[in-house]
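Structure record follows, encoded as structure tokens.
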Number of protein chains: 2
Amino acid sequence: MEKIENSIWMNCSSSSVRRASRQLGQLYGDAMGLTDLRGTQFTLLTQIRYLDEPTQKMLAQAMVMDLSALGHTLKPLIRDGLVELAPDEKDRRAKRVRLTPEGLARQTELVGQWQEAQRRFDAVLGAEKSAELRRTLAFVASEEFAKAYAAAGKKGD
Amino acid sequence: MEKIENSIWMNCSSSSVRRASRQLGQLYGDAMGLTDLRGTQFTLLTQIRYLDEPTQKMLAQAMVMDLSALGHTLKPLIRDGLVELAPDEKDRRAKRVRLTPEGLARQTELVGQWQEAQRRFDAVLGAEKSAELRRTLAFVASEEFAKAYAAAGKKGD
DNA sequence: GGAATTTAATGGTATATGCCACTATATTTG
DNA sequence: CAAATATAGTGGCATATACCATTAAATTCC
């Protein structure tokens, strides 16, 4: 009986990921230090920078995030002048997301702190396992995975 | 330049975990199906059941969650009569968390759906990798990890 | 070309989660 | 034992994230 419960809680991939997510949210968040930017916000700025003026839709996909959730998350950053939206030239439904000079500066500023957090993470888990973990998680987060997961249910559920 | 950004975003363990967390939140959430319970809530009920009347503090630690965050998360469940709080006998500061009969019933009801989700997950990732992933994530979520991470920073940061 | 359908974004509502300040108890200390 | 300190919870506020309904613009189909 107890064993059954135990097996559920230790074997739930979703809650395992969530717990780790909260832990790392803390650890990496602390690394951001003094600045008033959250870890999630740094990630978002970095992703925007990397994609170079993506539409909200594109950005949401890259973040594996709901479009409306992304919109909400962007608001504080827009309010604080780190990010701005501009209508797309071709498709007037779409809006492009880009960093303001301020936003770019802040992102750049924090890269060092991020690196330190990542260095520690790798030190604790080991570079090998660390890289392996990210590979696995990237797959889990992929559309390919979602498709395969859906296909795996075509029988019973 | 672009390569630098790329390396940040692909190598950030924190954002990797978060992305996977969002994906699995979706997938496992869908599995809960018709019921109005979220995946996170099922996890919480399961954890409460497993720990058998933990204090909020104990539950928060098990969930790797902030105490006040836990308190907030419990509110809808208490409101809906699935969970209740009772003051601890010995320590009047503490409150014990327990499932109501209704809560126990709902948790039990959903175990099958959870299993199906987990079955699919294992099918896609492979039982081996799946178990390995959970082991790694459990370590990352542990206090031991947090301590080691802190220790790894005693030099530079 | 105009109606039906699809797509991008927005706003509302609800849960998820964290930090801080504050209260009520307990525990430790002088 | 009383004062100082530590611990468990609570409530407020802010961000994170999802779903739904709605709007506006594009695309598809007679």
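These numbers come from the heavy atoms of this one structure, side chains and all, not from hydrogens, waters or symmetry mates. Bear in mind that the values here come from a model prediction, so they are computed numbers and not experimental data. First the proteins, then the strands, lettered A, B, ... as listed; each starts at 1.
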Spacing between Gln61(A) atom CD and dT17(D) atom C1', to the nearest angstrom: 17 Å
query: Hey, is the main chain of Leu82(B) close enough, under 3.5 Å, to the side chain of Thr100(B) for a donor-acceptor pair?
result: yes
statement: Atom CZ of Arg19(B) and atom P of dA16(D) are separated, to the nearest Å, by 15 Å
query: How close or far is atom P of dC20(C) from atom CG of Leu67(B), stated in whole angstroms?
result: 14 Å
query: So, for Pro54(B) and Ile48(B), which heavy atoms are closest and what is the spacing to 0.1 Å?
result: CD-O, 4.0 Å
message: Closer than 4.0 angstrom, basic N to acidic O: yes or no for Lys129(A) and Glu132(A)?
response: no
- prompt: For Asp30(B) and Gln26(B), does a side-chain donor sit closer than 3.5 Å to a side-chain acceptor?
  reply: no
task: May I ask you to check whether Arg134(B) and Ser130(B) show a side-chain donor-acceptor distance below 3.5 Å?
output: yes
- prompt: Expressed in angstrom and rounded to an integer, what is the separation of Asp36(A) atom CG from dC20(C) atom P?
  reply: 13 Å
task: Could you tell me whether the phosphate oxygens of dA16(D), OP1 or OP2, come under 4.0 Å of any side-chain nitrogen or oxygen in Thr40(A)?
output: yes
- prompt: Could you state the CG-P distance from Leu70(B) to dG9(D), rounded to the nearest angstrom?
  reply: 9 Å
- request: Provide, to the nearest angstrom, the distance between the CG atom belonging to Leu45(B) and the P atom belonging to dT15(C).
  value: 14 Å
task: Just call it for Arg96(A): base, sugar-phosphate, or nothing, with non-hydrogen atoms closer than 4.0 Å on any strand.
output: nothing
message: Please compare Arg38(A) and Met58(B) by the position of their nearest nucleotide in DNA chain D and report the one closer to 5'.
response: Met58(B)
query: What's the CG-P distance between Leu59(B) and dT10(D), to the nearest Å?
result: 12 Å
message: Salt bridge or not between Glu144(B) and Lys147(B)? Use side-chain N to carboxylate O under 4.0 Å.
response: no
field: Side-chain N,O (Lys95(A)) to OP1/OP2 (dA9(C)) below 4.0 Å
entry: no
task: Report the nucleotide, chosen from dA16(C), dT10(D), dA9(C), that has the shortest atom-to-atom distance to any side-chain atom of Gln41(B).
output: dA16(C)
task: Indicate whether OP1 or OP2 belonging to dT17(C) is found under 4.0 Å from a side-chain N or O atom of Gln26(A).
output: no
query: Picking from dG11(D), dT10(D), dG18(C), which would you name as closest to the side chain of Met65(B)?
result: dG18(C)
query: Closer to the 5' end of DNA chain C via nearest nucleotide, is it Gln23(A) or Lys75(A)?
result: Lys75(A)
Which atom pairs link the protein and nucleotides 21-28 of chain D when you take only N or O atoms and keep those under 3.5 Å?
| from | atom 1 | to | atom 2 | distance (Å) |
| --- | --- | --- | --- | --- |
| dA26(D) | OP1 | Arg92(A) | N | 3.0 |

field: Contact under 4.0 Å: Arg18(B) side-chain N or O vs dA16(D) OP1/OP2
entry: no
- request: Answer yes or no: is there an ion pair linking Arg93(A) with Asp91(A), defined by an N-O contact shorter than 4.0 Å?
  value: yes
- prompt: Among the nucleotides dA18(D), dT10(D), dA9(C), which one has an atom lying closest to any side-chain atom of Ser68(B)?
  reply: dT10(D)
query: What do the steps show when you test Leu70(B) against Leu44(B) for side-chain contact (heavy atoms from CB on, under 4.5 Å), and what is the final call?
result: CA-CA 9 Å; Leu70(B) 173 68; Leu44(B) 204 43; 3.9 Å; yes
message: By nearest heavy atom, map His72(A) and Ala94(A) onto DNA chain C; which one lands nearer the 5' end?
response: Ala94(A)
query: Rounded to the nearest Å, what distance is computed from the CG atom of residue Asp66(A) to the C1' atom of nucleotide dA16(C)?
result: 15 Å
